[in-house]
Amino acid sequence: MSRFKLATLIAIPLVVIGGAIAYAHTGGMHHGPMSEQSMEMHLDHMTAMLTKIGASDAQKSQVEGILKGAFTELGNTQRAHHAALGKAHELLLGASVDRAQMEALRAEQIRSFDAASKRMLTAFEDAAEVLSPEQRAALAEEVRKHHGG
């Protein structure tokens with residue numbers, strides 16, 4: 001396998017995971033989840049990149065469907081995390097500190113984030129499989145250009 005192909009295979013998952021992390025933090029964890037408008041803006045940007053690499057309308061539609069579902073689920077995770085922060089504040093600022101409840105809340109958040117991370121990775125893997133290897137390589141180049149690389 002050539003170095004370029006190996007680098008591309010390594011780069012794409014890193015780029016998509018980075019995109020998921022960026023998505024998760026766009027609204028700011030203390031400011032709630034990304035809005036529907038912002039999600040649509042990100043999907044429109046992805047569609048524009050797919051157009052640049054020659055993806056068909058069917059491919060663009062498939063990728064958008066995959067990512068939109070995952071982004072919606074991520075928004076639900078963000079909303080649940082926001083609610084958990086409120087619960088944490090209540091537990092910490094109450095008459096006494098219940099360490100067992102705090103630990104249970106922390107552990108639940110870790111499970112929730114792990115599940116969301118797995119869901120996003122699966123969605124990006126599914127979306128990547130919609131594209132040909134050549135299209136994925138072209139997309140990797142577009143992403144590098146977009147991020148100044």
Side-chain angles (χ1 to χ4, degrees), residues 4-94 101-149:
F4 177 76
K5 286 182 181 178
L6 181 60
T8 300
L9 288 174
I10 292 169
I12 288 178
L14 295 177
V15 168
V16 296
I17 291 168
I21 292 168
Y23 173 85
H25 290 285
T26 299
M29 293 308 279
H30 293 285
H31 302 289
M34 179 184 281
S35 69
E36 182 73 23
Q37 179 184 10
S38 188
M39 179 177 68
E40 289 299 328
M41 184 183 73
H42 280 77
L43 290 171
D44 288 346
H45 179 70
M46 176 58 75
T47 299
M49 291 180 89
L50 292 173
T51 298
K52 281 185 177 182
I53 66 161
S56 70
D57 288 343
Q59 286 174 309
K60 289 185 269 191
S61 179
Q62 277 185 278
V63 168
E64 182 176 332
I66 291 166
L67 295 182
K68 191 170 191 170
F71 286 170
T72 298
E73 288 181 34
L74 186 59
N76 293 337
T77 300
Q78 288 177 308
R79 280 186 283 285
H81 177 66
H82 191 71
L85 285 174
K87 177 68 174 170
H89 290 158
E90 289 174 21
L91 291 169
L92 286 170
L93 301 174
Q101 281 190 341
M102 288 296 298
E103 174 55 23
L105 185 61
R106 183 202 64 80
E108 176 53 36
Q109 289 304 291
I110 295 297
R111 283 190 297 277
S112 175
F113 290 148
D114 185 51
S117 173
K118 287 177 184 176
R119 171 63 173 106
M120 290 305 298
L121 179 59
T122 298
F124 283 123
E125 290 167 336
D126 292 347
E129 287 179 338
V130 169
L131 305 175
S132 71
E134 294 80 15
Q135 289 172 318
R136 288 193 299 271
L139 181 59
E141 182 58 31
E142 287 299 320
V143 169
R144 277 192 284 277
K145 282 189 228 176
H146 179 72
H147 290 285

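Index from 1, following the sequence.
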Engineer: Indicate every side-chain donor-acceptor pair of residues 45-55 with a distance under 3.5 Å to a residue at least two apart or in another chain.
Structural biologist:
unit_1	atom_1	unit_2	atom_2	d
T47	OG1	L43	O	3.0
T51	OG1	T47	O	3.0
T51	OG1	K60	NZ	3.0

Engineer: Roughly how far, to the nearest 0.5 Å, is CZ of F124 from CG of L67?
Structural biologist: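 With rounding to 0.5 Å, CG (L67) is 5.5 Å from CZ (F124).
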Engineer: Once rounded to the nearest 0.5 Å, what's the spacing between atom CG of N76 and atom OG of S112?
Structural biologist: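 The OG atom of S112 is 10.0 Å from CG of N76, to the nearest 0.5 Å.
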Engineer: Roughly how far, to the nearest 0.5 Å, is CD of E125 from CG of L121?
Structural biologist: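 Going from CG on L121 over to CD on E125, the span is 4.0 Å.
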Engineer: Output yes when a side-chain donor or acceptor of T72 lies under 3.5 Å from a complementary backbone atom of K68, and no otherwise.
Structural biologist: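 Yes.
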Engineer: Run the side-chain contact (heavy atoms from CB on, under 4.5 Å) test against S56 and tell me which residues pass, sequence neighbours left out.
Structural biologist: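 Per chain and number, S56 pairs via side-chain contact (heavy atoms from CB on, under 4.5 Å) with A58, Q59.
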Engineer: So, using side-chain contact (heavy atoms from CB on, under 4.5 Å) as the criterion, who are the partners of A107 when residues are at least two apart?
Structural biologist: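 A107 satisfies side-chain contact (heavy atoms from CB on, under 4.5 Å) with E103, R111 once adjacent residues are dropped.
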Engineer: When you measure from the side chain of T122 to the backbone N and O of K118, does any donor-acceptor pair fall under 3.5 Å?
Structural biologist: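 Present.
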Engineer: CZ/F113 to CE/M120 distance, rounded to the nearest 0.5 angstrom?
Structural biologist: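 Separation between the atoms: 14.0 Å.
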Engineer: What residues form a side-chain hydrogen bond (donor to acceptor under 3.5 Å, both in side chains) with E90, not counting sequence neighbours?
Structural biologist: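 Partners of E90 under the side-chain hydrogen bond (donor to acceptor under 3.5 Å, both in side chains) test: none.
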Engineer: What verdict does the side chain to side chain contact (heavy atoms under 4.5 Å, CB included) test give for E141 and R144, after you've listed the backbone C-alpha separation in whole Å, the side-chain angles of each residue and the deciding distance to 0.1 Å?
Structural biologist: CA-CA 5 Å; E141 182 58 31; R144 277 192 284 277; 3.3 Å; yes
Engineer: Report the residues that fulfil side-chain contact (heavy atoms from CB on, under 4.5 Å) with Q62, sequence neighbours left out, ordered by chain and then residue number.
Structural biologist: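 For Q62 the side-chain contact (heavy atoms from CB on, under 4.5 Å) partners, ignoring immediate neighbours, are V130.
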Engineer: Partners of K87 by side-chain hydrogen bond (donor to acceptor under 3.5 Å, both in side chains), sequence neighbours excluded?
Structural biologist: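 side-chain hydrogen bond (donor to acceptor under 3.5 Å, both in side chains) check on K87 returns nothing, list empty.
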Engineer: Using the test side-chain hydrogen bond (donor to acceptor under 3.5 Å, both in side chains), find all partners of E129 that sit at least two apart in sequence or belong to another chain.
Structural biologist: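 Checked E129 against side-chain hydrogen bond (donor to acceptor under 3.5 Å, both in side chains); zero matches.
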Engineer: My understanding is that only residues two or more places apart in sequence, or in another chain, count here; which of them pass side-chain contact (heavy atoms from CB on, under 4.5 Å) with A116?
Structural biologist: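 Expected list: L74, T77.
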Engineer: Looking at every heavy atom in both Q109 and A84, which two are closest together, and how far apart are they?
Structural biologist: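 Looking at all heavy atoms of both residues, the closest pair is NE2-CB, 3.2 Å.
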